[in-house]
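The structure appears right after this line, and notes come after that.
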Amino acid sequence: MSNSGFVLLDKIAGETSFKALFPLKRVFSTKRVGHAGTLDLRASGLIIAATGRCTRLLPFIEAKDKCYSFRLHLGYETDTLEWDGEVVEQDERTLAISREKLEAVLPQFTGDIEQVPPKYCAVKINGVRASDLMERGRNIELKPRKIHIGELKVIGEGEVTEGCSGKEFATFDLICECSKGTYIRALGRDIGRALGTYACVSQIRRHRIGNVTLDKAVRGENLTRENLLPVDAVLDFPVVRLTDEQVAVIRQGNWLPWKEKVEGVGPDGHVFAANMQGEVLSLCFYEPGRIKPKFYLGEDEK
């Protein structure tokens, strides 16, 4: 049985994304594992992990849009932009911020916008993580980055969260559809400032990456070999089926003449090449008249 494929993990809060991969190494007896889209330590939810040669496909997962839910705490801001960090700003007023007032500022955070990442993050400055520099007591400034937010809406209000390090005067639950590179903690900070106060967040949970949803994910402790998914169950590139002779040509890195039109090919031209049984063996480029292999995904011949 192949050890290459995708696994949908439901990461728990308090566990690093790296540690979440440990069960894969045990279940599939391999050190060749990886994941797309790191989640903050305190965040939970969907991680798409890969084993074996399928780790080469992770950049295509990383580029997908994502969906998060989170809780917004209004009234104070912390160093980490999380609800229990060290308070750096506290609003001593008790503002009457209604759901309607919050919803009124959200449109300025949708579409193409610029966002300054949190200082405690994985963005590197001269090769060193910003969070590591902060731990060393360095004063850093991060440049704004372009992101895209497709949808941002309020889904609840008024809930109480234990462990808040500052004094909050309102809380709201939101859901956000966004591009790669979006920091929910920074989004919460900026929403608070747009409301004329301070804010931080809690309970960040990722529900979707691309077309893959959290409801199909498994906790690491429940992982079995049956949870290994074929690549075309996660990435939606068109699939072309090849004869054994054609597979041999692709395996050797040579292009194939291809007269049939392949439907659904994106601007990048990527297609999966599968054998006649439907097992995906290679990622290829399609262009009218031929198919060229990018890299091989199947098992080595014994």
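Scope of the values below: all heavy atoms of this structure, side chains included, with no hydrogens, waters or symmetry mates.
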Candidate pair S165 and D84, rule side chain to side chain donor-acceptor pair (under 3.5 Å), full reasoning: CA-CA 5 Å; S165 54; D84 61 349; over 6 Å; no
Are any side-chain N or O atoms of [X] and backbone N or O atoms of [Y], one a donor and one an acceptor, separated by less than 3.5 Å?
X	Y	value
N227	T224	yes
K19	S17	no
R251	G253	no
K11	E15	yes
E62	G37	yes
Q252	V249	no
R189	V116	yes
R241	A273	no
T51	G5	yes

Please report the shortest heavy-atom distance between [X] and [Y], naming the atom on each side.
X	Y	value
L39	A43	CD2-CB, 4.2 Å
S4	G52	OG-CA, 3.5 Å
A217	L46	CB-CD1, 4.0 Å
D236	K64	OD1-NZ, 3.8 Å

Ring geometry between F60 and H270 (parallel below 30°, tilted from 30 to 60°, perpendicular above 60°):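 Geometry flag for F60 against H270: perpendicular rings.
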Close side-chain approach of [X] and [Y], heavy atoms under 4.5 Å:
X	Y	answer
S282	K294	no
V247	I250	no
W255	I291	no
V271	V239	no
R185	I204	yes
R53	R32	yes
F295	L57	yes
Y198	C200	no

Trace of the side-chain contact (heavy atoms from CB on, under 4.5 Å) decision for L281 with L297: CA-CA 5 Å; L281 299 174; L297 297 167; 5.8 Å; no
Measuring from atom [atom1] of [X] to atom [atom2] of [Y], what distance do you get when rounded to the nearest 0.5 angstrom?
X	Y	atom1	atom2	result
L187	L72	CG	CG	8.5 Å
T243	L256	OG1	CG	8.0 Å
W83	F70	CH2	CZ	14.5 Å
S44	Q203	OG	CD	8.5 Å
F6	L235	CZ	CG	4.5 Å
L214	L8	CG	CG	9.0 Å

Residue pair E287, K292: steps toward the salt bridge (charged side-chain N to carboxylate O under 4.0 Å, His left out) verdict: CA-CA 8 Å; E287 56 188 41; K292 300 184 295 183; 3.7 Å; yes
Counting only heavy atoms from other residues, nucleotides and ligands, does the tally under 6.0 Å from [atom1] of [X] exceed 12?
X	atom1	value
N211	CG	no
F18	CZ	no
E260	CD	no
E162	CD	no

Evaluation steps, side-chain contact (heavy atoms from CB on, under 4.5 Å), between R206 and I47: CA-CA 8 Å; R206 187 157 64 199; I47 286 181; 3.8 Å; yes
From CA spacing to verdict: side-chain contact (heavy atoms from CB on, under 4.5 Å), V7, L228: CA-CA 5 Å; V7 173; L228 188 68; 3.9 Å; yes
Electrostatic pair [X]-[Y], nearest N-O below 4.0 angstrom:
X	Y	value
R42	D40	no
K153	E103	no
K180	D65	no

Of the options [options], which is the one that meets [X] in a side-chain contact (heavy atoms from CB on, under 4.5 Å)?
X	options	answer
L74	D91, T171, L195	L195
Y76	E168, K167, E89, E92	E168
V154	I175, D173, L102	L102

Evaluation steps, salt bridge (charged side-chain N to carboxylate O under 4.0 Å, His left out), between R193 and E77: CA-CA 10 Å; R193 292 177 181 178; E77 185 177 308; 3.0 Å; yes
For H207, ring pair (Phe, Tyr, Trp, His ring centres under 6.0 Å) partners two or more places apart: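 Applying ring pair (Phe, Tyr, Trp, His ring centres under 6.0 Å) to H207 gives none.
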Between [X] and [Y], is there shared hydrophobic-cluster membership here, with clusters defined by ILVMFWY side-chain heavy atoms closer than 4.5 Å?
X	Y	answer
V201	F169	yes
V212	V280	yes
L95	F172	yes
F285	V231	no
L81	F109	no

L9 vs L21, side-chain contact (heavy atoms from CB on, under 4.5 Å): CA-CA, chis, key distance, verdict: CA-CA 9 Å; L9 293 173; L21 301 183; 4.2 Å; yes
W258 six-ring centre to R290 NZ/CZ under 6.0 Å and within 45° of normal: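 Pair R290/W258 does not count as cation-pi.
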Worked check of side chain to side chain donor-acceptor pair (under 3.5 Å) between R205 and S69: CA-CA 5 Å; R205 185 158 175 79; S69 61; over 6 Å; no
Between S202 and R71, a side-chain donor and acceptor under 3.5 Å: no
Show me the donor-acceptor pairs within less than 3.5 Å that the side chains of residues 144-152 make with the rest of the protein, sequence neighbours left out.
| from | atom 1 | to | atom 2 | distance (Å) |
| --- | --- | --- | --- | --- |
| R145 | NH2 | G181 | O | 3.3 |
| H148 | ND1 | D112 | OD1 | 2.8 |

